[in-house]
Protein chains: 2
Amino acid sequence: MRVTIKDVAKEAGVSIATVSRVFNGYTDISEATKNRIMKIAKEMDYLPNAAARSLASKTQVTIALILNDFEMNRKNTMAMEVLSGVYAYTEEHQIEFVFFATSRIKQGSKSFREFCNEKAITGAVVQGLKVNDPYYKEILESQLPVALIDMWADKESICSISIDNVKASTEAVDYLITQGHRHIGMINGRREAAVSIDRETGYVNALKKNNLPLMEYYVQYANFNEKIAVEIARDLLLSQPQLTALFCASDLMAIGAMKAVSEMGLSIPEDISIVGFDDIILNDYLTPKLSSVSQNMEKIGYEAAKNVYKLIKKEPAERQVYIEHGLIIRESVGPARVGS
Amino acid sequence: MRVTIKDVAKEAGVSIATVSRVFNGYTDISEATKNRIMKIAKEMDYLPNAAARSLASKTQVTIALILNDFEMNRKNTMAMEVLSGVYAYTEEHQIEFVFFATSRIKQGSKSFREFCNEKAITGAVVQGLKVNDPYYKEILESQLPVALIDMWADKESICSISIDNVKASTEAVDYLITQGHRHIGMINGRREAAVSIDRETGYVNALKKNNLPLMEYYVQYANFNEKIAVEIARDLLLSQPQLTALFCASDLMAIGAMKAVSEMGLSIPEDISIVGFDDIILNDYLTPKLSSVSQNMEKIGYEAAKNVYKLIKKEPAERQVYIEHGLIIRESVGPARVGS
DNA sequence: CTGAAAGCGCTTACAG
DNA sequence: CTGAAAGCGCTTACAG
């Protein structure tokens with residue numbers, strides 16, 4: 001049988017209330033009994049049962065990490081990194097952590113409120129959600145503190161965490177321009193995704209800033225999908241042969257673009273330069289190595305957890321938190337080819 | 001405030017016991033009240049609180065996934081896949097799921113029993129453990145049902161899940177021999193790891209079966225580490241120039257070996273053929289693409305959960321469960337170079 | 001088929 | 001500084 005607070009209390013010759021108090025860090029306990037109880041508890045391998053604790057306490061905090069479309073994420077470790085960051089924060093702060101993987105279909109059968117009810121959630125970090133997902137609407141209607149990763153919502157109980165996608169994209173495209181590129185295409189993600197809009201804005205900003213004309217058809221959408229990106233990139237490069245560089249809103253799409261380029265018999269970066277986004281591990285192993293905008297997903301997860309916790313404690317929290325990003329220069333960008 | 005069983009009972013005009021019974025699938029309830037309660041519960045977004053349920057019920061099953069050295073796993077998605085498999089099983093069977101990331105250091109401060117106590121664990125799937133980890137010893141001493149991934153323990157409460165590493169390695173080396181290789185080196189992982197021993201046995205078996213002499217110094221240990229593998233592979237190839245192929249006990253080490261080969265000015269597979277192990281996503285993006293033994297970590301996670309559940313229910317479970325593996329042929333293996 | 005009541009392992013005012 | 005007791009949201013024999 002499991003060891004309970006009763007066992008420890010009996011062993012220490014005190015009431016269960018006293019044992020409970022030492023485990024909750026109350027200060028009005030004599031050092032002597034406190035130490036004795038701690039020692040006995042350690043010997044008996046006792047740790048308060050989390051379920052009982054969360055039931056009995058009105059203040060127990062439980063933060064959920066809700067990962068949408070978790071299964072689809074095999075090629076990058078971003079979901080894992082977010083998990084790692086959220087987990088690290090909850091562990092450091094002794095917050096209960098629960099994990100929930102959902103999908104469009106599952107969102108239909110178990111509502112966000114049902115889930116929160118079931119697990120007594122006090123706050124959630126949500127990743128991978130899209131604006132047309134049922135949970136997005138539910139979160140907007142609920143009062144529950146939520147940190148939304150890579151997604152914006154105008155509500156005081158919600159905090160958005162991401163890198164500054166506009167700025168990061170501007171920098172990436174700026175870098176291409178610095179290398180002499182004047183005709184830069186963009187392979188963007190799903191049109192509706194918040195990050196797509198921001199990354200496109202960044203692209204446009206960079207062109208404007210450098211007085212380069214903005215060609216509408218230079219921007220194509222490949223749904224964050226490698227396979228689609230192959231076709232989109234091929235079509236774009238064939239129809240716009242003056243292009244010398246491609247800015248891609250994800251590394252997976254950049255990899256697709258790279259495939260398209262080599263299938264066309266062109267080389268990177270001599271003919272076409274490519275910059276990706278996310279800086280997934282793969283980049284370093286590609287030939288050529290892919291330059292990319294890096295975002296620290298673990299930090300994003302950590303900060304997301306930190307900010308829901310602020311929201312839970314009703315401390316002032318920013319509505320939009322930006323995490324620093326980077327531009328990792330590798331081999332996929334070179335000077336623009338002459339005559340272009 | 002959250003909606004509780006009381007709220008639903010009041011709304012439906014029944015006792016909480018009745019509501020509880022319909023949510024626990026009792027059959028001796030009139031269809032009429034059952035349907036009414038379900039309808040009301042759905043409308044109110046009610047789902048039984050898991051903490052209260054696990055406290056009150058003696059039969060509530062909670063399976064933990066314990067991931068050791070989770071942080072170190074950035075380059076492959078194996079941990080994520082195991083998580084995905086375990087999660088899928090627990091969800092399908094309505095089992096409570098809890099996640100716990102540990103490390104050598106954390107194992108020292110929170111014992112396995114304390115953790116199980118805290119989360120009311122009825123069974124655990126454990127991955128990434130080493131024989132000299134404190135938890136390994138604790139698990140051996142405990143009566144708790146545990147599924148150990150890639151690790152063996154001779155105890156009726158423990159079940160081991162992995163691919164048949166001996167057989168898989170034999171097949172991989174056999175394949176190299178089929179391609180004409182007679183001098184095959186092996187870059188193995190940590191000497192103490194169970195999988196290392198099995199994979200080496202498989203290597204030896206293949207040589208024996210084909211009447212090839214076994215040279216002790218053909219086998220080197222690189223700790224499952226890419227960087228170390230670079231050096232080990234270089235040293236091995238320099239000292240044994242007759243080698244035409246390398247069998248590596250992990251893809252990360254194979255990638256290290258590939259680096260060593262190209263740094264030496266040799267090419268793959270013309271000069272040296274390489275086979276890896278694990279079949280991580282990276283393989284498909286390398287140049288040349290890496291051939292490898294594939295293991296379905298998601299399936300392993302799923303089967304691990306299934307088998308702890310059997311153990312929990314005291315159903316007969318095998319002590320050692322093998323999951324099917326594959327040999328994925330890509331570009332890193334060619335015919336042995338002539339004159340060798 | 002359904003309800004009243006004890007109990008799961010805790011926390012926390014309330015007394016002293 | 002410490003204990004007795006109510007209560008958190010459930011489940012489950014026990015009655016009827």
Side-chain angles (χ1 to χ4, degrees), chain A residues 1-38 41 44-62 94 96 113-122, chain B residues 1-38 41 44-62 94 96 113-122:
Chain A
M1 217 37 232
R2 298 209 166 78
V3 22
T4 73
I5 196 170
K6 258 189 196 161
D7 303 320
V8 177
K10 189 190 283 181
E11 189 71 20
V14 295
S15 73
I16 63 162
T18 303
V19 176
S20 173
R21 283 195 190 94
V22 345
F23 271 91
N24 285 287
Y26 283 58
T27 49
D28 55 346
I29 309 244
S30 74
E31 273 303 303
T33 51
K34 184 175 160 185
N35 292 336
R36 187 159 41 95
I37 289 172
M38 281 311 245
M44 301 176 81
D45 276 328
Y46 171 75
L47 226 45
N49 173 279
R53 185 172 237 175
S54 94
L55 240 198
S57 164
K58 300 273 81 180
T59 59
Q60 173 65 41
V61 171
T62 301
Q94 317 211 51
E96 276 293 304
R113 272 196 70 195
E114 280 176 321
F115 168 70
C116 292
N117 219 35
E118 186 182 18
K119 297 298 178 68
I121 298 308
T122 34
Chain B
M1 219 37 235
R2 298 208 165 80
V3 22
T4 72
I5 196 171
K6 258 189 197 161
D7 304 319
V8 178
K10 190 190 284 179
E11 190 72 20
V14 295
S15 73
I16 62 163
T18 304
V19 177
S20 173
R21 285 193 188 93
V22 345
F23 272 92
N24 284 287
Y26 283 57
T27 50
D28 53 346
I29 309 247
S30 76
E31 273 304 303
T33 52
K34 183 175 161 183
N35 292 335
R36 186 158 43 92
I37 288 172
M38 280 312 246
M44 300 176 82
D45 277 329
Y46 170 75
L47 226 44
N49 174 280
R53 185 172 236 175
S54 93
L55 240 198
S57 164
K58 299 275 80 182
T59 59
Q60 173 65 42
V61 172
T62 301
Q94 316 212 53
E96 276 292 303
R113 272 195 71 197
E114 279 176 321
F115 169 70
C116 292
N117 219 34
E118 185 182 18
K119 295 298 178 69
I121 298 309
T122 34

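Just so we're clear, the structure is a prediction, and the values are computed from it rather than from any experiment. Computed from heavy atoms alone, side chains included, the values below leave out hydrogens, waters and symmetry copies. So that the names make sense, note that chain A is the first sequence line, chain B the second, and so on, each numbered from 1.
For D:dT12, one of the phosphate oxygens OP1 or OP2 lies less than 4.0 angstrom from a side-chain nitrogen or oxygen of B:Thr59. The side chain of B:Ser20 places no N or O atom within less than 4.0 Å of a non-bridging phosphate oxygen (OP1 or OP2) of D:dG9. In terms of phosphate contacts, B:Ser15 brings no side-chain nitrogen or oxygen within less than 4.0 Å of OP1 or OP2 of C:dT2. Look at A:Ser54 and you won't find any side-chain N or O under 4.0 angstrom from OP1 or OP2 of D:dC8. Contact annotation: B:Ser57 does not reach the phosphate of D:dT11 (side-chain N/O to OP1 or OP2, under 4.0 Å). The phosphate of D:dT2 has OP1 or OP2 within less than 4.0 Å of a side-chain N or O from A:Ser30. For C:dC10, neither phosphate oxygen OP1 nor OP2 lies less than 4.0 angstrom from any side-chain nitrogen or oxygen of A:Asn49.
Taking the side chain as every heavy atom from C-beta outward, A:Ser20 and A:Ile5 approach each other to under 4.5 Å. Between B:Met38 and B:Val22, the closest side-chain pair of non-hydrogen atoms falls below 4.5 Å. Between A:Val14 and A:Ile37, the closest side-chain pair of non-hydrogen atoms falls below 4.5 Å. The side-chain heavy atoms of A:Asp7 and A:Met44, taken from C-beta on, include a pair separated by under 4.5 Å. Residues B:Asn117 and A:Tyr46 have side chains in contact (heavy-atom distance under 4.5 Å, counting atoms from C-beta outward). Considering only heavy atoms from C-beta on, A:Lys119 comes within 4.5 Å of B:Glu96 through its side chain.
When all heavy atoms of B:Ala120 and A:Asn49 are compared, the closest pair comes out as CB-ND2, 3.6 Å. The minimum heavy-atom distance linking B:Asp45 with B:Val3 is given by the pair O-CG1, 4.1 Å. Counting all heavy atoms, side chain and backbone alike, A:Ala51 lies closest to B:Ser54 at CB-OG, 3.7 Å.
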Can you check nucleotides 13-15 of chain D for protein contacts, nitrogen or oxygen pairs under 3.5 Å, and list what you find?
{"from": "D:dA13", "atom 1": "N6", "to": "B:Arg21", "atom 2": "NH2", "distance (Å)": "2.9"}

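One finds the CD atom of A:Glu118 at 8.0 Å from the CZ atom of B:Arg53 (value rounded to the nearest 0.5 Å).
For the pair B:Thr33 and A:Ala52, both in contact range of DNA chain C, the more 5′-proximal nearest nucleotide belongs to B:Thr33.
In this structure, NZ of A:Lys10 is placed 15 Å from P of D:dG3, rounded to the nearest angstrom. The CZ-C1' distance, from A:Arg2 to C:dG7, rounds to 17 Å in whole Å. Atom C1' of nucleotide D:dT12 and atom CG of B:Asp28 are separated by 12 Å, given to the nearest angstrom. Here the P atom of nucleotide D:dC10 and the CZ atom of A:Arg53 are 21 Å apart, to the nearest Å. Atom C1' of nucleotide D:dT2 and atom CD of A:Glu31 are separated by 16 Å, given to the nearest angstrom. Nucleotide C:dC1 holds its P atom 14 Å from the CZ atom of B:Arg36, rounded to whole Å. Rounding to whole angstrom units, NZ of residue A:Lys58 and P of C:dC10 are separated by 18 Å. At whole-Å resolution of the value, CG in A:Leu55 and C1' in C:dG7 are 13 Å apart.
Side-chain atoms of A:Ile16 lie closest to C:dT11 of the nucleotides D:dT2, C:dG3, C:dT11.
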Under the 3.5 Å Watson-Crick or G-U criterion, the dot-bracket string of DNA chain D, with | for inter-strand pairs: |||.||||||||.|||

